[in-house]
Structures are given as C-alpha cells and as structure tokens.
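Beneath this line is the structure, given in structure tokens, with notes to follow.
Order of listing sets the numbers, starting from 1, for every ligand and every atom in it. Just so it is clear, the model here is predicted, and its values are computed rather than measured.
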Amino acid sequence: MKVVILGGTGLLGAALRREWTGDDVVRLGVEDVDIRDTGKVARMVEAAQPEWIVLAAAYTDVDGCESNPELAFSVNRDGAVHVAFAAKCVGAKVLFLSSDYVFDGKKMAPYETTDARNPQSVYGRTKAEAEVRLLEILPGCCIVRTAWLFGMGGKCFPDTILKAAATRPALDVVSDQRGRPTYNIDLARAIVQLCHKDATGIVHVTNAGDCSWFEFAREIVKCTGLSTEVRSTSTERFARPAPRPAYSVMSAKSLEPYGIAMPTWQDALQRYMRERNAAG
Ligand SMILES: NC(=O)c1ccc[n+]([C@@H]2O[C@H](COP(=O)([O-])OP(=O)(O)OC[C@H]3O[C@@H](n4cnc5c(N)ncnc54)[C@H](OP(=O)(O)O)[C@@H]3O)[C@@H](O)[C@H]2O)c1
C-alpha cells in the first residue's frame, strides 16, 4: 500500500515513522510540500498516486493561532481543502487529524462523534471548519480527533514538566481542564490499523482514562522520583491567549467497530518514560 504522510516531520509523524512498517510510506514536512500551495499539493499527489494520505500537517501553536488567524486558517482549513481536492482527483483516501478543541468543553460526559462542534478558539475553529469541508469534498474520508499528544519527536507536556521539575522546587499546574493524554506511539498504531481497515467517518482516538493537567503533571513527577511539589492552580490564574475546553474527554465508542482498544494514559506514560530514558 502506498501512503503519503503530510506533517510527517512532527510529533505524530515521528511515531508514524517508527510504527508504520510493511507499506510504502512517504513522510513529508513543510519543506517538501507546503499544503497552502494548491498546485504543489496537486502535483505531489498526482506523482505519488497514494492509496492513503494521512493529513497531520497543521499550524499547531494553539496560542499562536489566536494572534495569527489568517495563517491558522490558510494552513489548517484551506490546506486541508487543497489536499482533499488533490486526493479526489486520483481516488486517494484521506485520514485527517483533528482535535478535541472542536468542542466547547461544557459537557460533563465523554464527547461522542455525533456531538455538535462548538469551538472556542481560533485553532478549534480551523479544525472544525476543515472537518466540515473535508466531509463535503470527500464524504468517505476518515477524521481522527485526538488530544493532549505526547511522545518523543517534538515538544510535549511531559517533557516540559520533566525539565521544569528538575530545576524548580514547585510547579503550579491547572486542575480545572480535563482530558485524555495520548501517546504518539499508541495514536500511530491506531492510525495504521484504521487505514488498513478502510475506516471512514469521525473516530475519536485518545488513550483511555482521563485526568486534569495537574493530575497528569503529578504522575509525571512521580515517575522521576524527584521531590518537586506539584500544586493545583486554576485556568483563571494561569491566563493563556486561547481559551481551552474545561472538559474535552472523548468517548472511545467509535473505535469499537474497528476492534481497537487504547491503553490507559498511565500505561502510556510509563512506556514514554522508558523510551525517553533509553534515548538519554
Ligand atoms: N499535539 C497535540 O496535542 C494535538 C492534539 C490534537 C490534535 N492534534 C493534531 O494532530 C496532528 C499532528 O500534530 P503534531 O503534534 O504531530 O504536530 P507538530 O509536531 O506541530 O507537527 C506539525 C507538522 O505539520 C507540518 N506543517 C506545518 N505547517 C505546514 C504547511 N503549511 N504545509 C505542510 N506541512 C506543514 C510540520 O512540518 P515541519 O516540521 O517541516 O515544519 C510538521 O510536520 C495535527 O494536525 C494537530 O493539529 C495535535
């Protein structure tokens, strides 16, 4: 099977490189093809003739999106549209990476794939609008919504906490945002399976279980054996440019038809720590 991964040089791309074996996989970054350039996208797809395009390329700086909305929409929504039209021309299937930030976070139970989108941030709006356009252009595409990604190969929350914990006696972390951390390796494995099973429609893919950022940080510090204190703070006291959903836990029901069960985030964190330690 021929596969093109756009966003192949990012955090998820690093895991897809490791996990996707046995197929002809090409990983591309922005230097190879900028998805804002519709002509380049079309030529690349025409030349590659892939069976699947995994569209992980995005402007992922959530706070940066608030101050650069034009850039955010041109990459995350318009870029996705360019890829969808190019895929349609050659009959390629598309798996698009979306986000829990398409939801407003006001629900008190896990979000289902049928729940209404109501993004609160520019980043969330770019992803929500991309989803709608993709489903119009390619009704059979697969949209994978994920969340709180961590792993080797890019910036991530555990890495930030580990670095801070090594130099500071205490860390203040917000306890009023709840979600599902997701190990890039587990997400990559699920994506490979979804493509092999010809998945269509919206699928939620995160590790199992849920926590606040505070609980996540506490578990991360516990893994190190350091005595750094992790203190609970609130979103109000830790103001950021982009609003984050207070609750963005996504139900795993949509994975059941594909026979995919995701490990817990605690199990995933242990494996990440081992991977990190082994890398030095
Ligand atoms: N990280 C999370 O917590 C999270 C949560 C939910 C959803 N997601 C989604 O999951 C996907 C993967 O996330 P990630 O964390 O792996 O992202 P990432 O590490 O920020 O990587 C982004 C990737 O997109 C590429 N890219 C950026 N602008 C581009 C452009 N104009 N044209 C072509 N490629 C471009 C980058 O290429 P270069 O490396 O060459 O710059 C890189 O390969 C994204 O769609 C993201 O929105 C992520």
Nearest non-hydrogen contact with [atom] belongs to which option: [options]?
atom: atom 20 (O) of ligand 1; options: Asp34, Leu12, Thr60, Val54; value: Thr60
atom: atom 32 (N) of ligand 1; options: Asn184, Val41, Ile35; value: Ile35
atom: atom 6 (C) of ligand 1; options: Thr146, Leu71, Val62, Thr182; value: Thr146
atom: atom 9 (C) of ligand 1; options: Phe157, Phe150, Tyr123, Tyr59; value: Tyr123
atom: atom 14 (P) of ligand 1; options: Leu55, Leu11, Asp61; value: Leu11

Self-check item: Test ring-ring contact (aromatic ring centres under 6.0 Å, His included) applied to Phe157 and Trp265, Trp213, Tyr183, Phe214, the passing residue
Solution: Trp213
Quick one: look at [X] and ligand 1, take heavy-atom pairs under 4.0 Å, and tell me if it's side chain, backbone, both or neither.
X: Val75; answer: side chain
X: Cys156; answer: neither
X: Trp148; answer: backbone

Give the residue and atom name of whichever protein heavy atom lies nearest to [atom], and the separation in Å to one decimal.
atom: atom 39 (O) of ligand 1; answer: Thr9 OG1, 2.7 Å
atom: atom 23 (C) of ligand 1; answer: Gly7 CA, 3.7 Å
atom: atom 10 (O) of ligand 1; answer: Leu97 CB, 3.7 Å
atom: atom 1 (N) of ligand 1; answer: Leu149 CB, 3.4 Å
atom: atom 34 (N) of ligand 1; answer: Ala57 CB, 3.4 Å

Is it the case that ligand 1 has an N or O less than 3.5 angstrom from some N or O of [X]?
X: Lys127; result: yes
X: Ala56; result: yes
X: Val30; result: yes
X: Glu31; result: no
X: Gly29; result: no
X: Ala58; result: yes

Practice problem: Decide whether the shortest distance between a heavy atom of Leu6 and an atom of ligand 1 is less than 4.0 Å. | Solution: no
Quiz item: Applying a strict 4.0 Å limit to heavy atoms, is Ser98 in contact with ligand 1?
Solution: yes
Exercise. Considering the heavy atoms of Val33, write down every atom of ligand 1 situated less than 4.0 Å from one of them.
Key: 32 (N), 33 (C)
Could you go through residues 193-202 and list every donor-acceptor pair under 3.5 Å that involves a side-chain atom there, pairing it with any protein atom two or more places apart or in another chain?
residue	atom	partner	partner atom	Å
His196	NE2	Asp23	OD2	2.8
Lys197	NZ	Tyr258	O	2.6
Asp198	OD1	Lys93	NZ	2.6

Exercise. Look at the side-chain heavy atoms of Ile, Leu, Val, Met, Phe, Trp and Tyr, link any pair under 4.5 Å apart, and say whether Leu162 and Val221 land in one connected group.
Key: yes
Self-check item: Same apolar cluster (I L V M F W Y, side chains within < 4.5 Å links), Val4/Trp52
Solution: no
Quiz item: Is there a donor-acceptor contact under 3.5 Å linking the side chains of Asp100 and Ser248?
Solution: yes
Quiz item: Does a side chain donor of either Asp186 or Tyr272 reach within less than 3.5 Å of an acceptor in the other side chain?
Solution: no
Self-check item: Arg117 atom CZ, neighbour heavy-atom count above 12 within 6.0 Å
Solution: yes
Quiz item: Would you call Trp148 and Thr206 a side-chain contact if the rule is heavy atoms closer than 4.5 Å?
Solution: no
Quiz item: Is there a side-chain contact between Asp176 and Glu236, using heavy atoms and a 4.5 Å cut-off?
Solution: no
Quiz prompt | Salt bridge Lys40-Asp32, side-chain N to carboxylate O under 4.0 Å | solution = no
